[in-house]
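Note sheet for the following structure.
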There are 2 protein chains.
Amino acid sequence: MLTEERHRIILELLAEKGVVKLQELVEATNSSESTIRRDLTQLEKEKKLRRIHGGATVLQKKREELSVLEKSTKHRQEKKQIAEYAASLVQNGDCIYLDAGTTTLEMIPHLYDKDIVVVTNGIMHLDMLLEYDIPTYLLGGFVKKKTKALIGRGALQALQSYSFDKCFIGANGVHYEYGYTTPDPEEAMVKHTAIQLSQKAYVLADHSKLNESAFSKIAELHEAVLITDDLAEEWLEPYKAKTTVEVVTK
Amino acid sequence: MLTEERHRIILELLAEKGVVKLQELVEATNSSESTIRRDLTQLEKEKKLRRIHGGATVLQKKREELSVLEKSTKHRQEKKQIAEYAASLVQNGDCIYLDAGTTTLEMIPHLYDKDIVVVTNGIMHLDMLLEYDIPTYLLGGFVKKKTKALIGRGALQALQSYSFDKCFIGANGVHYEYGYTTPDPEEAMVKHTAIQLSQKAYVLADHSKLNESAFSKIAELHEAVLITDDLAEEWLEPYKAKTTVEVVTK
DNA sequence: GAAAAATCAACCAAAATCATTTAAAAATAA
DNA sequence: TTATTTTTAAATGATTTTGGTTGATTTTTC
């Protein structure tokens, strides 16, 4: 049996039981005692487990790893606040469109228990929506590997057969002159179409997106309400002149 | 044996087992040790696998998916064999439809490195297809929580805009009188439509499905080739009278 | 607390695996 | 066809892995 394989088995067994005896591992892997000892020493050095007399236990710092993940996205706090506010705009009976993107993803936990129907083009969103038992329709189309978003002709066509009370769109750039923008033209098309099909459209963008612009235009400023978190009034002036701006305060 | 073919075999074996010993590969390809070594070195550089002492393993990402598969379901061995055979029917350049379902899911590792386009209605399938870098289109529509399959009007409509060289469908019942069946009428509709849109249609069903029938009819027997694993000739007689049956031997 | 049992780290030599070089065979190009 | 490149197989010695043994250390038992 290969070292790698053994290590996997050890860690799996460990995750399952919390503690393992050396002897168990010897049996489970058909290896000698000294081999297992060496494995344990190595895995301990890699911080995958902690050795104890007679075997090994899991580390207690699972939590830390999770919190590291939590922090992974930038401006997470701001995004969360924006998302929570946006979710509060959703009312029972609404049929909403959720655009793929990390900010809109954060909305989902706050949609729990609302009596709504959601349409989305984000596979990541879908998984979470199902977890929260929210009835969901997915657009069809080509799957963009990097973002797991549905784009292209198929997505547009699928979109045409719906109409929404509200839509919530993410944008990479918000500029008082160039409007809402995003890098991928195909995604921009989908976002734009969703906005057009909605009674009320919202773009979610934290302050780092303000005065930035990306390659493809999604829509003009006036076509959607901007939800952001910046507090400096002077920065917002040019936007307020052109559209409704909802500012989420801390 | 051509290099390319060897590489395909290596990656397939790897996708199936998660880890392979160098010696296994030597046997599987009838090549020398040094040849395999060179292959492994090259494939590692291409980030298709990771070398370890004594062989190679899949990359970390794919590992998780494999473990999901491991745990899934009864008759796994049979399903695997059926799936592997089905995958062998897929040729470069094909555009195929993969129905949601555990058996068709098993096909995916064997599709690795083939030059194909896949359309599916299974979210689980999608995730795995992306991992294996296979260009994928997803049907739209309502998401059935339990099976993570796309069904309903939206899915049917999305389906209409494609046509396939081959489709691979799962069925819960195969009966010489009632044909292919499945419990959910909405799913049955999708499956039936896919069959109609394909040049060549295959239904994948292990022997436990034979002579069973479920609520909703997918199609008549003659509309699709049956791929199964039962060996008892007398059981197969009535089916062979009505359609082509491909029996996967052990 | 002392003896017995279990577990440990450290070491060893055998076996397996490795990278590299060599030369033959096969595929490709001119 | 010949020349050139690619692919393969075998041989080399270096490196890694392995199972067993040692005596030291820890845990258990009385």
Side-chain angles (χ1 to χ4, degrees), chain A residues 1-61, chain B residues 1-63 66-67 70 88 91-93 109-115 132-133:
Chain A
M1 172 164 319
L2 270 42
T3 312
E4 189 82 9
E5 222 174 333
R6 255 189 350 260
H7 286 191
R8 210 191 68 242
I9 292 177
I10 292 173
L11 292 174
E12 257 175 33
L13 223 62
L14 198 55
E16 192 179 322
K17 308 178 61 168
V19 266
V20 280
K21 290 203 226 139
L22 187 128
Q23 204 48 46
E24 290 176 334
L25 297 175
V26 169
E27 284 179 31
T29 60
N30 276 321
S31 316
S32 73
E33 213 174 284
S34 28
T35 299
I36 298 294
R37 279 183 208 295
R38 261 190 301 266
D39 287 341
L40 292 183
T41 311
Q42 188 180 341
L43 287 170
E44 180 170 46
K45 197 149 51 185
E46 292 172 10
K47 309 233 186 284
K48 302 277 183 65
L49 51 76
R50 191 164 59 85
R51 290 194 70 174
I52 54 176
H53 194 91
T57 76
V58 291
L59 307 162
Q60 70 279 32
K61 64 156 201 172
Chain B
M1 175 170 309
L2 268 49
T3 311
E4 199 176 322
E5 195 179 353
R6 252 190 352 262
H7 285 192
R8 212 198 68 241
I9 292 177
I10 292 174
L11 292 173
E12 236 177 56
L13 220 62
L14 198 56
E16 193 178 334
K17 309 181 53 169
V19 241
V20 281
K21 293 213 230 338
L22 188 127
Q23 206 47 48
E24 291 176 334
L25 296 175
V26 169
E27 285 178 31
T29 60
N30 276 320
S31 316
S32 73
E33 215 175 281
S34 44
T35 299
I36 298 293
R37 277 184 210 294
R38 206 158 9 74
D39 287 342
L40 292 184
T41 311
Q42 186 180 341
L43 288 170
E44 179 171 46
K45 198 150 50 184
E46 293 171 11
K47 303 226 190 294
K48 301 277 182 66
L49 52 75
R50 190 164 59 83
R51 289 195 71 174
I52 57 176
H53 193 94
T57 78
V58 291
L59 302 173
Q60 189 54 39
K61 291 184 255 171
K62 287 177 190 163
R63 159 127 288 132
L66 275 175
S67 69
E70 291 282 327
S88 76
Q91 296 168 321
N92 277 340
H110 300 288
L111 297 176
Y112 192 87
D113 243 25
K114 293 197 178 184
D115 179 26
Y132 285 97
D133 270 325

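By convention in this document, chain letters (A, B, ...) are assigned in the order of the sequence lines, proteins followed by strands, and residues within each chain are numbered from 1.
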Just to be sure I understand the rule, does Ile52(B) reach a base, reach only the sugar-phosphate, or reach nothing, if contact means heavy atoms closer than 4.0 Å?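 Sugar-phosphate, backbone atoms only, no base.
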
Which part of the nucleic acid does Thr3(A) contact within heavy-atom distance under 4.0 Å: base, sugar-phosphate only, or nothing?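 Sugar-phosphate: the residue Thr3(A), judged by heavy atoms under 4.0 Å, touches backbone atoms but no base.
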
Should Arg51(A) be listed as having a side-chain N or O under 4.0 Å from OP1 or OP2 of dA9(C)?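 Yes.
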
With distance as the sole test, does Ser31(B) use its side chain to make a donor-acceptor pair with the main-chain N or O of Thr29(B) at under 3.5 Å?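 A pair under 3.5 Å: yes.
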
Quick check against the 3.5 Å criterion: does Glu24(B) have a side-chain atom that pairs as donor or acceptor with the backbone of Lys21(B)?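 Yes; judged by distance alone, with no hydrogens or angles, the pair exists.
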
Identify the two heavy atoms, one from Arg37(B) and one from Leu22(B), that lie closest to each other, and give their separation to 0.1 Å.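 Taking Arg37(B) first and Leu22(B) second, the nearest heavy atoms are NH1-CD1, 3.5 Å.
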
Kindly give the atom pairs (protein nitrogen or oxygen, nucleotide nitrogen or oxygen) under 3.5 Å for nucleotides 20-25 of chain D.
residue	atom	partner	partner atom	Å
dG20(D)	N7	Ser34(A)	OG	2.9

Starting at [atom1] of [X] and ending at [atom2] of [N], how long is that distance when rounded to a whole Å?
{"X": "Arg6(A)", "N": "dT18(D)", "atom1": "CZ", "atom2": "C1'", "result": "8 Å"}
{"X": "Leu22(B)", "N": "dA16(C)", "atom1": "CG", "atom2": "P", "result": "14 Å"}
{"X": "Glu5(A)", "N": "dT18(D)", "atom1": "CD", "atom2": "C1'", "result": "16 Å"}
{"X": "Arg37(B)", "N": "dA9(D)", "atom1": "CZ", "atom2": "C1'", "result": "13 Å"}
{"X": "Asn30(B)", "N": "dA9(D)", "atom1": "CG", "atom2": "C1'", "result": "13 Å"}
{"X": "Gln42(B)", "N": "dA19(C)", "atom1": "CD", "atom2": "C1'", "result": "16 Å"}
{"X": "Glu24(B)", "N": "dA16(C)", "atom1": "CD", "atom2": "C1'", "result": "15 Å"}

5′-ward residue of the pair Met1(A)/Thr35(B) relative to DNA chain D: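 With Met1(A) and Thr35(B) compared, the 5'-side residue is Thr35(B).
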
Start with the C-alpha gap between Arg51(A) and Thr41(A), add the side-chain angles, then the distance that decides, and say whether side chain to side chain donor-acceptor pair (under 3.5 Å) holds. CA-CA 8 Å; Arg51(A) 290 194 70 174; Thr41(A) 311; 2.9 Å; yes

Less than 4.0 Å between a side-chain N and a carboxylate O, is that true for Glu44(A) and Lys48(A)?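 So Lys48(A) does not pair with Glu44(A) through a salt bridge.
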
Do Glu12(A) and Arg8(A) meet the salt-bridge criterion of a basic N to acidic O distance under 4.0 Å?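 Salt bridge present between Arg8(A) and Glu12(A).
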
Using side-chain hydrogen bond (donor to acceptor under 3.5 Å, both in side chains) as the criterion, list what pairs up with Thr3(A), not counting sequence neighbours.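 Testing Thr3(A) for side-chain hydrogen bond (donor to acceptor under 3.5 Å, both in side chains), a comparison that skips the adjacent residues, returns none.
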
